[in-house]
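Data block below; observations after.
For ligands, and for the atoms within them, numbers begin at 1 and follow the listed sequence. Both backbone and side-chain heavy atoms feed into the values below; hydrogens, waters and symmetry mates do not.
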Amino acid sequence: MKKSNFGVVILAAGKGTRLKSKRPKVLHEIGGQALLLHVIAAAKTIVPAEKIYCVIGHEAERVQAAVEHTGVGFVMQHEQHGTGHALQMVKAWLAVNGGGMPENLMVLSGDVPLIRTETLQKLMMMHASEKAAMTILSAIPENAAGYGRVVRTEEGSMAVKAIVEQKDLKAEQHALREINSGIYCFATQDLFAEIDSLSDKNANGEFYLTDVASLLVAVGKRVVAVATESADEVLGANTISEMMHLDAAMRVAAAKRLMAEGVTIFRPDTCVIDAQVQVGADTVIEPYVQLLGSTKIGEDCRVRSYSVIQNSTLANGVLVRNGCVLDYAKVSAGAMLGPYAHLRPGSEIGEGAHVGNFVETKKTRMGRGSKANHLSYLGDAEIGEGVNIGAGAITCNYDGEHKHATKIGDGAFVGSDSTLVAPVTISEGAYVAAGSCITEDVPEGALALGRSRQTTKPGWVSARKANKTK
Ligand code: UD1
Ligand code: CA
């Protein structure tokens with residue numbers, strides 16, 4: 001079967017009333033990604049983006065903005081009168097914008113995100129070999145409640161008579177265990193010949209796409225259903241609880257994939273790992289760690305408990321101690337972070353450098369072997385190699401209006417509790433005395449003291465006591 005005959009429709013216009021959330025359902029996230037993006041990714045394994053049509057309606061602008069970068073097309077369904085109504089909109093839209101109708105349409109549901117490309121391939125092949133007008137992907141889950149049920153013409157037959165929605169089930173139909181996954185292939189012409197004849201006389205007062213099955217049968221067309229091997233990949237996400245069930249399944253799959261690649265993850269059930277995260281062999285991830293977004297971690301690293309690493313890159317042999325927060329940071333080989341270090345966007349930590357407890361960095365480059373071990377804020381700074389930043393040293397990078405840069409040359413020593421008022425340069429090998437407020441550049445090899453001299457008054461305490469007793 002030629003894939004070039006196919007277009008893919010993704011239904012994503014519904015509100016998701018059962019979620020009780022302000023956010024459109026298809027933008028809720030599992031495995032660190034919106035439901036709809038998971039479905040688009042699956043669709044893209046079947047056809048190119050320009051042959052994917054997303055039906056949007058509820059909060060259409062927001063949904064479109066969130067997935068536009070994938071290159072898919074959008075069909076508006078201003079009022080959502082059901083999944084059948086959504087396909088009526090697609091028919092009208094394709095007639096105007098189609099540039100040649102695809103011979104077949106695969107329909108995916110924006111809220112059925114775990115679907116695998118192998119299953120979609122199988123569905124397409126079955127659709128072709130059965131010469132069907134409609135091929136339904138079905139499943140037999142443990143609990144069929146809430147789903148539409150597939151009614152076969154007779155037991156053991158490929159052919160289907162109808163799909164009946166949960167709310168419209170007759171008493172004797174509650175025992176039907178085969179569910180409709182909401183994923184189908186249609187012969188476009190046959191679908192569009194029936195789509196405008198749907199009725200909304202049902203429990204929800206909606207036009208059901210599922211009713212197309214019986215309409216096609218009535219005009220002598222072939223409708224078949226093929227069941228998935230496991231029901232897990234067609235589980236829908238209608239409630240937050242169902243969604244978190246899918247999320248957990250994806251996280252477990254991500255952890256298992258990493259473990260198969262040689263990563264040790266203690267108590268993987270406690271870790272939150274996004275699907276795209278990469279980790280090298282022999283790295284150890286302790287319990288309660290989150291690895292998110294496009295994070296890449298090298299080999300032989302250790303990430304201790306309660307660290308949250310997002311969109312960051314760590315080279316080999318990095319130690320992340322407990323409770324670190326990294327966001328868009330880059331860390332070179334052998335560096336040590338934390339406990340409780342905060343690396344904000346634009347932080348680049350050099351080879352073997354140390355960023356210790358309660359140190360915050362932002363847009364700061366730290367050279368090889370440099371150390372800021374305790375209680376510092378380093379923002380908009382360019383720090384050379386082998387620099388020592390004492391406890392409590394701070395870059396004053398903001399004057400209330402603008403941000404300014406601090407430069408610290410190789411081998412410089414910044415004493416504890418110094419404040420470096422930017423823009424300012426501490427040149428190579430220079431020393432800043434502890435407790436200094438530095439407002440002027442410090443030349444190479446110089447010592448800068450920026451504090452008042454200490455006065456000591458000998459015998460002052462006993463003199464005061466003597467005064468009081470008088
Ligand atoms: C649907 C099927 C049901 C199946 C289940 C599988 C129908 C009538 N029922 O039920 O047989 O077992 O999926 O998960 O199709 N949508 C639109 N426009 C609308 C209404 C819905 O685009 O006017 C979209 C929704 O955003 C969603 C998808 O279609 O992504 C399915 O709609 P939903 O209301 O969740 O249908 P279910 O009740 O789950
Ligand atoms: Ca649904």
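- Atoms of ligand 1 found under 4.0 Å from any heavy atom of Thr210, numbered from 1 in the order shown, are 7 (C), 8 (C), 9 (N), 11 (O), 15 (O).
- Atom 18 (N) of ligand 1 has Gln77 OE1, 2.7 Å as its closest protein atom, hydrogens excluded (heavy atom only).
- Close N/O approach between Gly14 and ligand 1 is found [any backbone or side-chain N/O within under 3.5 Å].
- No side-chain donor from either of His404 and Asp380 sits under 3.5 Å from a side-chain acceptor of the other.
- Nearest non-hydrogen protein atom to atom 32 (O) of ligand 1 is Thr83 CG2, 3.9 Å.
- Considering Thr361, Val359, Ile394, Thr395 as possible partners of Ser376, the one that fulfils the side-chain contact (heavy atoms from CB on, under 4.5 Å) test is Val359.
- Every atom of ligand 1 is numbered from 1 in the order shown, and the set under 4.0 Å from a heavy atom of His81 is 23 (O).
- Screening Gln173, Arg149, His174 for a side-chain hydrogen bond (donor to acceptor under 3.5 Å, both in side chains) involving Gln166 leaves a single residue, Arg149.
- Scanning the protein for heavy atoms near atom 35 (O) of ligand 1, the closest one is Asp111 OD2, 3.1 Å.
- Contact annotation for His58 and ligand 1: no heavy atom of the residue comes within less than 4.0 Å of the ligand.
- When only modelled atom types and interatomic distance are considered, Lys25 and Asn238 share a side-chain donor-acceptor pair under 3.5 Å.
- Arg344 pairs by the salt bridge (Lys or Arg N to Asp or Glu O under 4.0 Å) definition with Glu360, not counting sequence neighbours.
- For the residue pair Gln64 and Glu68, a side-chain donor N or O sits within less than 3.5 Å of a side-chain acceptor on the partner.
- Of all the atoms in ligand 1, the ones that sit under 4.0 Å from a non-hydrogen atom of Ser181 are 6 (C), 14 (O).
- Counting heavy atoms of neighbouring residues, nucleotides and ligands inside a 6.0 Å radius, atom CZ of Arg368 does not exceed 12 of them.
- For ligand 1, none of its N or O atoms has an N or O atom of Val55 under 3.5 Å away.
- Between the side chain of Asp274 and the backbone N or O of Val277, no donor-acceptor pair lies under 3.5 Å.
- Inside a 4.0 Å radius of atom 6 (C) of ligand 1 there is at least one protein heavy atom.
- When only modelled atom types and interatomic distance are considered, Gln80 and His58 share no side-chain donor-acceptor pair under 3.5 Å.
- Contacts of Asn238 with ligand 1, taken as heavy-atom pairs under 4.0 Å, involve the side chain alone.
- Of all atoms in ligand 1, listed by their number and element, those nearer than 4.0 Å to a heavy atom of Tyr208 are 8 (C).
- At least one N/O-N/O distance between Ala13 and ligand 1 falls below 3.5 Å.
- Across Gln77 and Met89, no two heavy atoms sit closer than the pair CG-CG, 3.8 Å.
- Shown here are the ring-ring contact (aromatic ring centres under 6.0 Å, His included) partners of Tyr208, two or more places apart in sequence or in another chain: there are none.
- From the protein, the heavy atom lying nearest to atom 34 (O) of ligand 1 is Arg18 NH2, 3.6 Å.
- Taking every non-hydrogen atom of Gly110 and a distance limit under 4.0 Å, the qualifying atoms of ligand 1 come out as 30 (O).
- At least one N or O atom of Glu165 sits closer than 3.5 Å to an N or O atom of ligand 1.
- Of the protein's heavy atoms, Ser109 OG, 3.3 Å lies nearest to atom 28 (C) of ligand 1.
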Can you give the donor-acceptor pairs under 3.5 Å from side chains of residues 213-226 to other protein atoms, not counting sequence neighbours?
{"unit_1": "Ser214", "atom_1": "OG", "unit_2": "Asp211", "atom_2": "O", "d": "3.1"}
{"unit_1": "Lys221", "atom_1": "NZ", "unit_2": "Asp190", "atom_2": "OD1", "d": "3.3"}
{"unit_1": "Arg222", "atom_1": "NE", "unit_2": "Glu130", "atom_2": "O", "d": "3.4"}
{"unit_1": "Arg222", "atom_1": "NE", "unit_2": "Glu130", "atom_2": "OE1", "d": "3.2"}
{"unit_1": "Arg222", "atom_1": "NH2", "unit_2": "Glu130", "atom_2": "OE1", "d": "2.4"}

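- Residues Glu178 and Ser138 have side chains that bring a donor and an acceptor to within less than 3.5 angstrom of each other.
- In this model, no donor atom of one side chain and acceptor atom of the other lie less than 3.5 Å apart for Glu233 and Thr228.
- Checked against a 3.5 angstrom limit, the closest N/O atoms of Tyr147 and ligand 1 fall outside it.
- Remark: the backbone N or O of Asn104 is paired with a side-chain donor or acceptor of Thr188 at under 3.5 angstrom.
- Looking at ligand 1, you'll find an N or O of Asn180 within less than 3.5 Å of one of its N or O atoms.
- Taking 4.0 Å as the cut-off between side-chain N and carboxylate O, Glu194 and Lys91 do not count as a salt-bridged pair.
- Shortest contact from atom 23 (O) of ligand 1 to any protein heavy atom: Gly82 N, 2.8 Å.
- Among all non-hydrogen protein atoms, the one lying nearest atom 13 (O) of ligand 1 is Gly182 CA, 4.4 Å.
- Scanning the protein for heavy atoms near atom 29 (O) of ligand 1, the closest one is Leu11 CB, 3.3 Å.
- Just one of Val303, Asp327, Val289, Leu292 meets the side-chain contact (heavy atoms from CB on, under 4.5 Å) condition when paired with Val308; it is Leu292.
- Taking 4.5 Å as the limit, every side-chain heavy atom of Val9 sits out of range of all side-chain heavy atoms of Leu108.
- Counting only protein atoms, the N, O or S atoms lying less than 3.0 Å from the Ca ion (ligand 2) are Asp111 OD2, Asn238 OD1, ordered by chain and residue number.
- Contacts between Lys25 and ligand 1 below 4.0 angstrom, taking non-hydrogen atoms only, involve the side chain exclusively.
- For ligand 1, the polar-atom distance check finds an N/O of Gly148 within less than 3.5 Å of one of the ligand's N/O atoms.
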